[in-house]
Undergrad: 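Structure provided below as structure tokens; questions to follow.
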Amino acid sequence: MSITIDLSEKRALVMGVANARSLGWAIAERLLQAGCHVGFSYQGERLKGELEKLTAGYDNTWIQQCDATSEEELTALFSRVKDEFGQLDFLVHSIGFAPKAAMDGRFIDTTSDDWNTALNVSAYTLVSAARHAEPLMPDGGSVVSLTFQASQRVVPKYNVMGAAKAALEAATRYLSVDLGERQIRVNTISAGPMRTIAARSIPAFAMLYSNAADNAPLGRNPTPQEVGDLGLYLLSDLSTGITGQTIYVDSGASVVTVKPPEMASKDDTAQ
Ligand code: NAP
């Protein structure tokens with residue numbers, strides 16, 4: 001069976017691509033392969049050159065700087081969306097940040113400033129971006145963001161980002177109700193650990209990465225391409241009945257608490 005997805009009539013905004021390893025880029029690549037027109041926003045001038053290189057081979061793209069926490073810059077970004085596209089079909093939010101100090105220590109020591117920064121950048125920006133996108137989606141649309149299972153269970157050193165991801169997942173549910181009437185769907189992808197720039201700021205990432213692969217039913221971590229495939233599915237009309245959901249692409253790691261006995265070493269099982 002072969003299914004071809006033609007998105008040549010569709011327009012997307014992808015927020016938060018730092019380089020070719022970014023999960024936002026994994027989704028954008030799938031959109032571009034399907035012919036979609038894609039606008040990109042990046043936070044700082046530092047990333048402009050990288051994004052220019054990534055999009056160089058595509059003539060249906062444009063890029064614009066936008067710090068997603070700035071209402072002024074968001075207004076300018078969505079005004080550009082209107083000028084370029086007229087209207088919008090897809091919004092991809094692939095943004096996360098927490099101050100280093102909040103990831104290094106104990107969760108209990110999180111300062112109010114660090115809490116506010118992490119939740120503002122990593123969760124509230126989904127709400128504000130969706131609010132700007134809503135009037136540009138008169139024919140319905142689809143909004144997708146990225147989350148991590150540390151929203152549900154404690155992951156060492158993920159700290160305040162766990163709270164931020166819980167807020168992002170809750171926001172996804174509330175936004176799905178506000179926007180459902182207009183046939184705008186809102187979902188979040190819970191991805192397994194991937195080696196990206198953002199992942200480097202998680203102090204115990206190497207351990208987290210190997211544990212997730214060891215425990216996953218598929219015996220490996222998912223690939224960015226698999227995140228891209230799920231993104232394409234959730235954005236396209238293949239998923240028109242799905243909204244408000246957190247959907248996992250983690251090789252099944254989130255359903256396992258301990259390694260099944262047949263996978264454990266002798267030492268693990270010896271009493
Ligand atoms: P990434 O390539 O570093 O992407 C994160 C992006 O967020 C960067 O482009 C970063 O820009 C941007 N950003 C941070 N603050 C911003 C702001 N105020 N305004 C606009 N953009 C801002 O890392 P990634 O892993 O692909 O992260 C994308 C999403 O996937 C995040 O939500 C992350 O939590 C989620 N996720 C990642 C993993 C993983 O293991 N990597 C797993 C599950 C979910 P700067 O570089 O300029 O800061």
Side-chain angles (χ1 to χ4, degrees), residues 13-29 40-51 54 63-74 76-77 91-100 103 116-126 128-129 132 143-153 155 157-169 171-172 188-213 221-228 230-231 246-251 253-254:
L13 175 65
V14 177
M15 302 176 73
V17 173
N19 61 22
R21 288 175 173 262
S22 296
L23 303 190
W25 178 248
I27 297 174
E29 254 193 320
F40 291 87
S41 69
Y42 58 95
Q43 180 183 202
E45 286 304 315
R46 183 175 53 86
L47 296 180
K48 187 178 180 190
E50 194 66 39
L51 210 40
L54 283 173
I63 68 175
Q64 174 151 331
Q65 189 275 330
C66 175
D67 176 342
T69 62
S70 158
E71 189 58 30
E72 202 182 333
E73 292 185 18
L74 273 181
L77 174 64
L91 172 65
V92 177
H93 175 286
S94 188
I95 291 173
F97 173 76
K100 192 172 178 324
M103 311 281 286
N116 290 342
T117 300
L119 272 86
N120 188 30
V121 176
S122 313
Y124 180 70
T125 55
L126 174 68
S128 50
H132 281 272
V143 178
V144 163
S145 67
L146 276 306
T147 186
F148 185 55
Q149 65 139 324
S151 59
Q152 308 294 319
R153 301 198 303 179
V155 170
K157 299 292 183 195
Y158 204 74
N159 291 1
V160 69
M161 276 303 283
K165 291 305 190 191
L168 183 83
E169 292 170 19
T172 298
T188 188
I189 294 173
S190 188
M194 312 255 159
R195 294 189 175 105
T196 63
I197 295 183
R200 277 192 221 146
S201 61
I202 304 167
F205 183 77
M207 185 189 71
L208 172 65
Y209 189 85
S210 64
N211 281 359
N221 283 313
T223 63
Q225 288 70 29
E226 288 168 329
V227 174
L230 179 56
T246 298
I247 301 190
Y248 286 76
V249 54
D250 67 346
S251 302
S254 54

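Start at 1 and go down the list; that is how both ligands and their atoms are numbered.
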Undergrad: For atom 35 (C) of ligand 1, what's the nearest protein heavy-atom neighbour? Residue, atom name and distance, please.
TA: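 Answer for atom 35 (C) of ligand 1: L146 CB, 3.6 Å.
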Undergrad: Counting both backbone and side chain atoms, is some N or O of D67 under 3.5 Å from an N or O of ligand 1?
TA: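 Yes - when backbone and side-chain N and O of D67 are compared with those of ligand 1, one distance drops under 3.5 Å.
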Undergrad: May I ask which of S94, G44, A18 has a heavy atom nearer to atom 6 (C) of ligand 1 than the others do?
TA: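 Comparing heavy atoms across S94, G44, A18, the nearest one to atom 6 (C) of ligand 1 lies in S94.
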Undergrad: N/O of M194 under 3.5 Å from N/O of ligand 1, yes or no?
TA: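 Indeed, backbone or side chain, M194 has an N or O that close.
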Undergrad: Among A20, A68, A212, S22, whose heavy atom sits nearest atom 19 (N) of ligand 1?
TA: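 Heavy atom nearest to atom 19 (N) of ligand 1 belongs to A68.
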Undergrad: Tell me whether ligand 1 is touched by S41 - counting only heavy atoms on the residue side and a distance under 4.0 Å.
TA: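 Judged by the 4.0 Å heavy-atom criterion, S41 does not count as contacting ligand 1.
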Undergrad: If you count heavy atoms of other groups shown closer than 6.0 angstrom to CD of E71, is the number above 12?
TA: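 Correct, the count exceeds 12.
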Undergrad: Do any nitrogen or oxygen atoms of R46 lie less than 3.5 angstrom from nitrogen or oxygen atoms of ligand 1?
TA: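 There is such a contact, yes.
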Undergrad: Nearest heavy atom to atom 25 (O) of ligand 1 wins, so pick from T196, T69, V227.
TA: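 Looking at heavy atoms only, T196 sits closest to atom 25 (O) of ligand 1.
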Undergrad: May I ask you to check if ligand 1 and L23 share an N or O to N or O distance below 3.5 Å?
TA: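 Between L23 and ligand 1 (N or O atoms, distance only) the closest approach is under 3.5 Å.
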Undergrad: Would a 4.0 Å cut-off, counted as strictly less than, catch a protein heavy atom around atom 10 (C) of ligand 1?
TA: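 Neighbour list for atom 10 (C) of ligand 1 is empty of protein heavy atoms (cut-off 4.0 Å).
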Undergrad: Counting only nitrogen or oxygen atoms and a 3.5 angstrom limit, does Q43 reach ligand 1?
TA: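 N/O-N/O distance under 3.5 Å: yes.
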Undergrad: Taking all non-hydrogen atoms of both residues into account, name the closest pair between T147 and E169 and its distance.
TA: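 What the structure gives for the nearest pair is OG1-OE2, 2.6 Å.
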Undergrad: State the atoms of ligand 1, each with its element, that fall below the 4.0 Å cut-off from a heavy-atom position in I197.
TA: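 Heavy-atom distances to I197 below 4.0 Å select 3 (O).
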Undergrad: Test your reading of the structure: does I95 have an N or O sitting under 3.5 Å from an N or O of ligand 1?
TA: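 Yes; at least one N/O pair falls below 3.5 Å.
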Undergrad: Quick check: closest heavy atoms across P193 and Y209, and the distance to 0.1 Å?
TA: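 Closest approach of P193 to Y209, heavy atoms only: O-CE1, 3.4 Å.
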Undergrad: Counting heavy atoms only, name the option from L47, N120, V249, V121 that's nearest to atom 15 (N) of ligand 1.
TA: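 Closest candidate by heavy-atom distance is V121.
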